[in-house]
2 protein chains.
Amino acid sequence: MDKQTVTIYDVAREADVSMATVSRVVNGNPNVKPATRKKVLDVIERLDYRPNAVARGLASKKTTTVGVIIPDVTNIYFSALARGIDDIAMMYKYNIILTNSDENGRKEVQVLNTLMAKQVDGIVFMGNDISDEVRKEFERAKTPIVLAGCVDDQDQMPSVNIDYTAAVEEATKNLIDHGNERVAFVSGSLDYPINRDYRLKGYKQALKKAGLRYDEKLVFETDYSYKAGQLLQPALQSVHATAAVIGDDELAAGVMNGVTDAGLSVPDDFEIITSNDTKLTEMVRPKMSSITQPLYDIGAVAMRLLTKLMNSEPVENKTVLLPYGLMKRASTH
Amino acid sequence: MDKQTVTIYDVAREADVSMATVSRVVNGNPNVKPATRKKVLDVIERLDYRPNAVARGLASKKTTTVGVIIPDVTNIYFSALARGIDDIAMMYKYNIILTNSDENGRKEVQVLNTLMAKQVDGIVFMGNDISDEVRKEFERAKTPIVLAGCVDDQDQMPSVNIDYTAAVEEATKNLIDHGNERVAFVSGSLDYPINRDYRLKGYKQALKKAGLRYDEKLVFETDYSYKAGQLLQPALQSVHATAAVIGDDELAAGVMNGVTDAGLSVPDDFEIITSNDTKLTEMVRPKMSSITQPLYDIGAVAMRLLTKLMNSEPVENKTVLLPYGLMKRASTH
DNA sequence: AATCAAATTGAAAACGTTTTCAACTTGATA
DNA sequence: TATCAAGTTGAAAACGTTTTCAATTTGATT
């Protein structure tokens, strides 16, 4: 069935050298006499020899493949990170095994095991949360792992993020400064440390500094979906919120359209700041003000960090925080 | 550096059986006495043995990995397909090596070579075009390849698509029926057969059947980006177009916002039908009418087809066309 | 011409599985 | 009890590379 495949042995025979020599020229090892190199190269060309990466992986214990665990490629936020990861990976000659986890702990554990079995050289993990079981897998892994856009509240794993607390605090302050006394905090599950311990903290800090009381009713916990946002409008209305900081762009688009479709005006009746600055923010009307995050860069830097770890190069800082900003668009004054 | 790894040999020794037997129980081969199976399983558990997939791949010539070439994960259309691919792949115990091609022929060829070198069991290719060089790689590949959302005008490769010609014809007819005599056709590069030979053909057919003259000025060739769409408004205006069929949702969102931002009303002054029915169509205002495509399913069916090919199962139909539809939303009357 | 270090090469042992084939057990049947 | 088929097992040969180490060649230096 297979067209018979050409092996290094065939090349060695035809070129009248040893396999070792062929291996050297294939791998660009300089200790080969130019004449020999040429001779081998010619045979390689003539036979159309292609090294088998699997055999190479077995012998060298390197697969030049890294695993990437992503909640959902379909999510604009994560796919932007994924793009950054892949570009840098390619730059360093790695390939990416990409798998969707749906943030499902069982699936994550299973995928991690598969990746380790496949001997990936490293792993980039994205998600909102690190379950205990997942953490256990991380610990037993003999492969470097880097988190991207995913905080580790126990500060054990290398990770690349922005300072979510400070960013949300600034966004909230901005809304308060516009005269909003009842600013809603809309996020994904508060079971996730990134929301509970980081973002919410920033929200509270802003309130406190402004002398406003923290009101639990203004905190909305939902899932990161457009639909969920749309349905939130009545609830927001009933607690007299006049603005919201929202943890995800699709969710925010939902909220905004829910508010707009209910006949209110954004930003006159309701101001919105979202969190991820994906291109969606520019596509909706009004355009959404947002915390800006260097999405692509988070992925890129995470991958770059991973390459260092894989080479056991020294790393100055295991957890890197990239700069964030606040982009004013039409959903705020 | 590696924590010493447990091999099948270690298990065999500890369980006092041969490697062959361990291999059998690991692979669920039924020809093992239950008592032996238990003994081996116990040792595996005790030693925490994990089979090395690379070695397995070398010995068995199967990697349970498939390659996926995608123009850009960040594109909502393609990421939806990718999700379908990954889900079905996982269902059949395959993993996905995902690489972005940017539709760059050179990159595509290079990636194909890498994938073949890594001995993937199959490949799913997405893109708008198959360059000659890419086609040549396809031919020399000894691995099954399936196109997803990518037509093969030479009808050689297995592929999963919708009937773009019929879909565009229907969309165009719809706009004509609404009284629009000057319907623009906005698409990506006409170098791509999918646009030149399929979509444009549908557009022309609709005009012809309606007794309208084909006017080249109404055909806009641009790239698939939001920005490009936004900038198109003046040009559309200058040729007195009152409606458009658009080949990509982000592009369409750009056009719509360009038109709206110029003070015109959609759909009163300008009607729009877009092509991919991604969730973006629901997020913009007005919501966009669209040709509907079963995006996820295109990916899923392509992957399913690939599994059959990889198993050399008989395949009834190499090129499958999934049903499309027309979803009326607020950008048309 | 002899010497020695550096450059170049090859033989063979990994790497960790699967798979083939022959040998050995077992238990039922005659 | 002898016979035989079916059920279990193991030895060893792949799979296609990289890598180690020793052997050989080369060329400059005395």
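If you're wondering where the values come from, they're calculated on a predicted model, not measured in any experiment. Labels below follow one simple rule: chain letters A, B, ... track the order of the sequence lines, proteins then strands, and each chain is numbered from 1.
S23(B) has a side-chain polar atom (N or O) that falls below the 4.0 Å cut-off from OP1 or OP2 of dT18(C). Contact annotation: N31(A) does not reach the phosphate of dT9(C) (side-chain N/O to OP1 or OP2, under 4.0 Å). Neither OP1 nor OP2 of dG16(D) sits under 4.0 Å from any side-chain N or O of T7(A). Contact check, T21(B) against dG10(D): a side-chain N or O comes under 4.0 Å of OP1 or OP2. OP1 or OP2 of dG16(D) sits under 4.0 Å from a side-chain N or O of K61(B).
A heavy atom closer than 4.0 Å to some atom of DNA chain D occurs in Y49(A), R50(A), P51(A), N52(A), A55(A), R56(A), A59(A), S60(A), these being the qualifying members of residues 46-60 of chain A.
Atom pair N27(B):CG and dT19(C):P shows a separation of 7 Å (rounding to whole Å applied). Rounded to whole Å, the distance from NZ on K33(B) to P on dA6(D) is 19 Å. dG16(D) atom P lies 8 Å from atom CD of Q119(B), rounded to whole Å. A straight line from CG of D16(A) to P of dT9(C) spans 12 Å, rounded to a whole angstrom. Rounding to whole angstrom units, CZ of residue R13(A) and C1' of dT9(C) are separated by 19 Å. Atom pair K62(B):NZ and dG16(D):P shows a separation of 14 Å (rounding to whole Å applied). Look at CD1 on I8(A): it is 11 Å from P on dT19(D), rounded to the nearest Å. M19(A) has its CE atom 15 Å from the P atom of dT20(D), to the nearest Å.
Closest to the R24(B) side chain, of the nucleotides dT18(D), dG10(C), dG10(D), is dG10(D). Each of dG10(D), dT17(C), dG16(C) was ranked by its minimum atom distance to the side chain of A20(B); first place goes to dG10(D).
Here the side chains of T99(B) and I70(B) are not in contact, with every heavy-atom distance at 4.5 Å or above. Residues V66(B) and I97(B) have side chains not in contact (no heavy-atom distance under 4.5 Å, counting atoms from C-beta outward).
Within the model, atoms CG of L295(B) and CZ of R83(B) stand 14.0 Å from one another, a figure rounded to the nearest 0.5 Å. Rounded to the nearest 0.5 Å, atoms CE (M157(B)) and CZ (R135(B)) are 8.0 Å apart.
A distance-only check finds a donor-acceptor pair linking the side chain of N104(A) to the backbone of R106(A) [under 3.5 Å]. Judged by distance alone, the side chain of N95(A) and the main-chain N or O of T65(A) form no donor-acceptor pair under 3.5 Å. When atom types are taken as modelled, the side chain of E103(B) and the backbone of N128(B) share a donor-acceptor pair closer than 3.5 angstrom.
V32(A) comes within 4.0 angstrom of the backbone, heavy atoms only, and of no base. Contact annotation for V26(B): no contact, since no heavy-atom pair falls under 4.0 Å across all strands.
Closest-nucleotide positions on DNA chain D for V22(A) and T36(B) were compared, and the one nearer the 5' end corresponds to T36(B).
Of the listed residues (I44(A), D48(A), L47(A), N52(A)), just one forms a side-chain contact (heavy atoms from CB on, under 4.5 Å) with V6(A), and that residue is L47(A).
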